[in-house]
**Q** 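Following this message is one structure expressed as structure tokens.
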Amino acid sequence: MPETPTGCLVVAGDLSALIDEELDAAREVEVRAHVDACEDCAQRLRELCNVDLVLAGLSAPAVADDLDVRLRARLAEVGPAATPRHRARTAPPRMRRRGTALGIAGGIAVAAAVMLAVLQGLPRDASEPGVPIAREDTPAPAARSEAPESAQAVIAEAPGPEPDGVAESPDPVPEVIARQLAPEPALIEVEPALEPATQLAGLDALPDEDVALVLELEAVEDLDLVEHLDLLEVLVDLGVADGA
Amino acid sequence: MHSLDEDVALMLAFRSGDVAAFDQLFRRWSGPLLRYIDRMVRDLATAEELVQEVFIRVHRARERYSPDARFSTWLYRIATNLALNELRRPRHRSVHRSTDEDGAAPLPDRAASTEDLVDARRLGAAAERALLELPEKQRAALCLTAVEGLSYAEVAEALEVTEKAVKSLVHRARSSLAARLREEE
Ligand SMILES: [Zn+2]
């Protein structure tokens, strides 16, 4: 193995982003170089790619022939559109196709968490992975694009009509938005669970941004606690477990 | 693939009163939306209802539509909000459609052996079950990224989270499914 386990851990956190072509060019070169030289990470990558292949093979429901008729009937009930209103929105991103960048097969997961668990002696299933079937890369399922603006800006700006529209739903979404805009006090109480990670990576030394992400994920996923391994995975995603 | 210009052009045409443009948007996007929402709520009738809801909102919002953002991102954001609302309804929490009945993985390769087909179906069923067990936003993030082909930035907008959160959600979702598939291998 050409690099330390820590190197693998950090790379593991970037494998999904590699598949999704979301790494910047320099990082992609680094990750690819590591994967080319490290069979463990190559295996993980194959297993993650395999997930996409399986998902692509799942059956999708056909649109019923009368769905447009039913929609028209409902539109007739609902009535005309709401009052015109215009808001500033962000620039349209350019189109891009999801590439076939990875000529790799296979796949493991858990990767980072398992390795961290092993390092820390935490209980976690770290059984030997089976060898997945080697297959061609997933073809591009849809167009992709890049949007430069941050999600926070989008939330603050509440672009377009959808917040209004969705707010008319019986179970209004604003709850969700509100929870993200104003984290609940409970999020603060999660701190004790962060201690194991602190020992590993020094949470106190993390940039506020990273701590904020941990808290955001905790909120997003409706977790009561950020469990040790979840947090470790987050830290690996962030690359902050490096040098632990 | 839907071209950005085409969708925006259609929406602008609809804003200007061209009802046929709305019909065309429905034809273009009802399939992908139904696939996505069905993956989220796992109930076809509900998914069909929600697809209609999405287009009712598009219809209602036409006057204030502004072509600065990707049309599809806007659609998926509405769809995601509706799906998450649906999942929070009490009746939905216990409803799990059997993953066997709707046949998980069809055979991409006609020449595939029976064993391959059985294997693909088994893996597909396992993936369906694993998807259902994911936290909602992990599921949404993975479906939007790996199936619908949205970028992390678009998923971030649709889920109203940061791009970093999307990266983490997608990675953990994919890792969970990979672990499940490994058990099935
Ligand atoms: Zn490695």
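Here is the naming used below: chain letters follow the sequence lines, and residue numbers restart at 1 for every chain.
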**Q** Are B/Lys167 and A/Asp14 within salt-bridge range, i.e. N to O under 4.0 Å?
**A** yes
**Q** Tell me which of these, A/Val63, A/Leu71, A/Asp68, has more heavy-atom pairs under 4.5 Å with chain B than the rest.
**A** A/Leu71
**Q** For the atom pair CG (A/Leu55) and CG (B/Leu181), what is the distance rounded to the nearest 0.5 Å?
**A** 8.0 Å
**Q** Where on B/Glu49 is there a heavy atom nearer than 4.5 Å to chain A: the side chain, the backbone, both, or neither?
**A** both
**Q** So what's closer than 4.5 Å to chain A heavy atoms on B/Val166: side chain, backbone, both or neither?
**A** neither
**Q** From A/Leu58 CG over to B/Arg121 CZ, what is the distance, rounded to the nearest 0.5 angstrom?
**A** 11.0 Å
**Q** Could you measure the distance from the OG atom of B/Ser175 to the CZ atom of A/Arg44? Nearest 0.5 Å is fine.
**A** 9.5 Å
**Q** If every non-hydrogen atom of B/Leu44 is compared with every non-hydrogen atom of A/Pro61, which pair is closest and at what distance?
**A** CD1-CB, 3.4 Å
**Q** Hey, are A/Arg72 and B/Asp23 close enough for a salt bridge, meaning a charged N less than 4.0 Å from a carboxylate O?
**A** yes
**Q** Can you tell which part of B/Tyr36 gets under 4.5 Å to a heavy atom of chain A, answering side chain, backbone, both or neither?
**A** neither
**Q** Under a 4.5 Å heavy-atom cut-off, does chain B meet the side chain of A/Ala64, its backbone, both or neither?
**A** both
**Q** Non-hydrogen atoms of chain A under 4.5 Å away: do they reach the side chain of B/Ile56, the backbone, both or neither?
**A** both
**Q** Rounded to the nearest 0.5 Å, how far apart are CD of A/Gln43 and CZ of B/Arg182?
**A** 8.5 Å
**Q** If you count the non-hydrogen atoms of other residues, nucleotides and ligands that lie under 6.0 Å from CG in A/Asp24, is the total more than 12?
**A** yes
**Q** Does some side-chain heavy atom of A/Leu75 sit less than 4.5 Å from a side-chain heavy atom of B/Phe22?
**A** yes
**Q** Can you say whether B/Leu131 sits under 4.5 Å from chain A via the side chain, the backbone, both, or neither, judging by heavy atoms?
**A** side chain
**Q** Are side-chain heavy atoms of B/Leu177 and A/Asn50 found at a separation under 4.5 Å?
**A** no
**Q** What is the minimum heavy-atom distance between A/Ser59 and B/Arg39, and which atoms define it?
**A** O-NH2, 3.0 Å
**Q** Looking at CG of A/Asp52 and CZ of B/Arg174, how far apart are the two atoms once the value is rounded to the nearest 0.5 Å?
**A** 4.0 Å
**Q** Are any side-chain N or O atoms of A/Glu22 and backbone N or O atoms of B/Tyr152, one a donor and one an acceptor, separated by less than 3.5 Å?
**A** yes
**Q** Could you state the interatomic distance from CD (B/Gln52) to CG (A/Leu67), rounded to the nearest 0.5 Å?
**A** 5.0 Å
**Q** B/Gln138 versus chain A, heavy atoms under 4.5 Å apart: side chain, backbone, both or neither?
**A** side chain
